[in-house]
Trainee: 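There's a structure below that I have some questions on.
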Amino acid sequence: MRLVVKYEKQDRVKYISHLDLMRTLHRALRRARIPVAFSQGYNPQPKVAFAPPLSVGMTSQGEYMDVMLTSAMSPQEFCQRMNSVLPQGIAMLRAVAIDESLPSLMSMIERALYRITLKAPGLRMEEILKDFLFQPDIAITKSSKKGERLVNIRPMIHRLEIVGQNEEGVIMEAMLSAGSRESLNPGQLVHLLLEFAGAGEGSCCLPNIHRLDMFLYRGNEWITPLELGEDDGCGQADCGGYSL
Amino acid sequence: MDKSILDEILRQVTKPVRYMGNEYNMVEKDPSKVLIRFAFAFPDVYEVGMSHLGMKILYHLMNDREDTYCERVFAPWTDMEQLMRKKGLPLFALESKDPIAEFDFVGFTLQYEMCYTNVINMLDLAGIPLRWWQRNEHHPFVIAGGPCAYNVEPLADFFDLVVMGDGEEVINELLDAYREWKVQGGRRQDFLIAAAHIPGVYVPCFYSVEYNDDGTVRSIKPNRDGVPPVVQKRVVADLDKAYYPETMIVPYMDIVHDRVMLEVFRGCTRGCRFCQAGMIYRPVRERSVPRLMDLADRLISNTGYEELSLSSLSTSDYSDLENLVKQLMERFAPQKVSFSLPSLRIDSFARELIEEMIKVRKAGLTFAPEAGTQRLRDVINKGVTEEDLLNSVRQAFELGWDTVKLYFMIGLPTETQEDLEGIADLARKVKSCYFGVTGGRRAGRLRVTVSVASFVPKPFTPFQWVGQDTVERMNQKLDFLKDKLRIKSVEFNWHDPRLSFLEGVFARGDRRLGEVLLKAWEMGCKFDGWAEHFKYDVWLKAFQDAGIDPGFYANRERAKEEVLPWSHIDVGVTPSFLWREYQKALKGELTPDCRTRCWGCGITRLEGGLCQ
């Protein structure tokens, strides 16, 4: 049985890296006595896969993992058992059973939605955003094993707009490419934006970046991984709606 | 504390998770509802400190008390320290993020001599006056324990009190006494007087040291009535009944020993003459298999760890090891929990055991012959033969291992050129053993690592009177070995001799070294055990400024009659036993394992000192 689980990473755990988070969840799975399948071979590993990682320092209410089980368990029970053994700040929000033959989350997910709060006194963000997005080409250098290359990240910004303002600054939402094919880190986006605005690193506080959700394209629409669930479509997948 | 300042800092440092806390099984209490706040301080970074078993035991033991909240604090890495000083953020505890200067106790564990400047740096960063006489009723009591606490003299100025021996019982007695003192509201000194009456508690300020004209110690005597002239270490008699945590904090980051640690026994009966742990942790006390199985069950299910290590000074000496490993395998192999057995001795390297273990996972193999020839191994009482070693290595190669590590020491008493050559010979024999087993197949995969450290004479060992090699002499020996060990498939690495020298100075130092520590710290020394931060020249300058010759402490051979700076501390093992062992060493005579017969080391004099 294969479960896709949505979970959150709150402020108090935002400094743990993706590797740390994976280790933490593996150990939580043991504590919760979840019947996780293991890989075969010399060094058996739990069959747990993750959606595109979140950078250190960011929070999220839309993280996903993909767990293979050796025996059936209701998604609701999975979440309950995990939540009783997780450190504060990490919580399973909802789980669904999905078709085992589907590809990995990492290869299916193509976009992620972020909320970026930026304190940028003196900057007219509305105008800056408009001009920034008007550029047909935003080239950055990406370094990889093959060396450095220029990449145009403009097509990776699908939406970038101001949605509000509070005492912490301007609140923006950004829909960006994410996943194994191409991806844009929101931290880098903010960096480029400030550079474009001519603002030095020191003139603004570091932004608060929060991931809202992730999306994949299926049947002509953008859906979240939870919508891959094999439930009856009544939205009850998280409340014991599991059926074979 | 202003959490937004901390947040701003954490965004800028490497590994911010070191300072975050909030790990699973971290104890959370309302600080306003406890009487005693205790900061357990480890003078190194998080990932080193969190690997320390003593902290895990005492953390949960103290937190089981309703009146006490024990929190953790580690040495912030230099980038963090710099930002904390810049923003005026004092050293805080991981649990509550409250400044440790507000606590009742700051308790350091002293595991290594080269962490002493970190102790000073942490006190400074906390805003706590460095020396005991500068502190008043508003400051915490700064206390210490751990193996280096047995000769705490170089740090005597900095600690209010020091705990000798097993902490499990004495810490509760200390907290009870503190509670009484705090409720009654006495002077700072009143608590120290009460504490000095607790067996195992040493209050440095109640002892005065006098020196001879030649710089040696003339006497160490109590300077007030009612203080014991000799402080005897504490021993937990029955390990099965002793406190052991049923849960452990599970860190997020990869720490040095990231696994459940199950202490199977304390102490060691082997009597290796260079080994301080083998002397100070006596007597041997084992936990029973049922108790260990019960603890393993609880710890694995409470932590979710995928690995468990059986820890002790010499795990293969556990009297019922086969049975224990078999039961652990049966219980945990289906859960994919793997095992590690550090400190296996090569003479008891049991093939069956290893075959059992590699069913789950294959770890690296390390052997510690310590010396290159049989003669020198007899001097140090390492009762291991070349045949033992080669047999074990052959078995490992037969089982499919391709890499082995060999640990040696140079500068051991009576060492000759032949002993150094013996190190290279042994490496060569291990290599040819591999080709004997594999017949030339897998040839490219063989890796023999020869690791060499310079011998550091330690207090409370038979070699406590010995003069350590000078840095020049150590370097000559290393150069010789570098040349001899130019062998294909053999990798040679060594411990910095300058570091070994300073370890030697502080291990057998006296109170006058406090000034050197302070000067070195003022000139920027910290994290001295980390190669990238070690500033040898600065250390030499600190000695010079203080008018102290470090060679006096490290390189000088002591006479039998000399009053050693730690002579007012009784670890159970008597000076006369140690001297006897020293004389036997010089003659190359062995003292067999004390499970075979009692050699009268003196430990049985202590309450709970009965050997099993």
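Throughout, protein chains are lettered first and strands after them, A, B, ... in sequence-line order, and every chain is numbered starting at 1.
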Trainee: Name the member of B:G21, B:S301, B:P251 that forms the most heavy-atom pairs with chain A at distances under 4.5 Å.
Mentor: B:S301
Trainee: For B:M253, is it the side chain, the backbone, both or neither that has a heavy atom under 4.5 Å from a heavy atom of chain A?
Mentor: both
Trainee: Heavy-atom cut-off 4.5 Å, strictly under: side chain, backbone, both or neither for A:L86 against chain B?
Mentor: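 For A:L86, the contact with chain B is made by the backbone alone.
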Trainee: Any salt bridge linking A:R159 with A:E173? Criterion: basic side-chain nitrogen under 4.0 Å from a carboxylate oxygen.
Mentor: yes
Trainee: Below 4.5 Å from any heavy atom of chain B, which atoms of A:V85 appear? Answer side chain, backbone, both or neither.
Mentor: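 Looking at A:V85, backbone and side chain both touch chain B.
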Trainee: Checking side chain to side chain contact (heavy atoms under 4.5 Å, CB included) against A:I171, which of A:R115, A:H210, A:Q165 comes through?
Mentor: A:R115
Trainee: Check A:K14 with B:D7, please: is the shortest side-chain N to carboxylate O separation under 4.0 Å?
Mentor: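 Counted as a salt bridge, because a side-chain N and a carboxylate O are separated by less than 4.0 Å.
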Trainee: Is it the backbone or the side chain of A:R12 that comes under 4.5 Å from a heavy atom of chain B, or both, or neither?
Mentor: both
Trainee: Please determine which of B:Y46, B:F527, B:F40 meets the ring-ring contact (aromatic ring centres under 6.0 Å, His included) test together with B:F74.
Mentor: B:Y46
Trainee: Non-hydrogen atoms of chain A under 4.5 Å away: do they reach the side chain of B:D258, the backbone, both or neither?
Mentor: both
Trainee: Kindly confirm or rule out a cation-pi arrangement of B:R259 over B:Y305, judged by NZ or CZ under 6.0 Å from the six-membered ring centre and within 45° of its axis?
Mentor: no
Trainee: Closer than 4.0 angstrom, basic N to acidic O: yes or no for A:K119 and A:E168?
Mentor: no
Trainee: Can you tell me which of A:L21, A:I16, A:D11, A:T24 forms the most heavy-atom pairs within a distance under 4.5 Å of chain B?
Mentor: A:I16
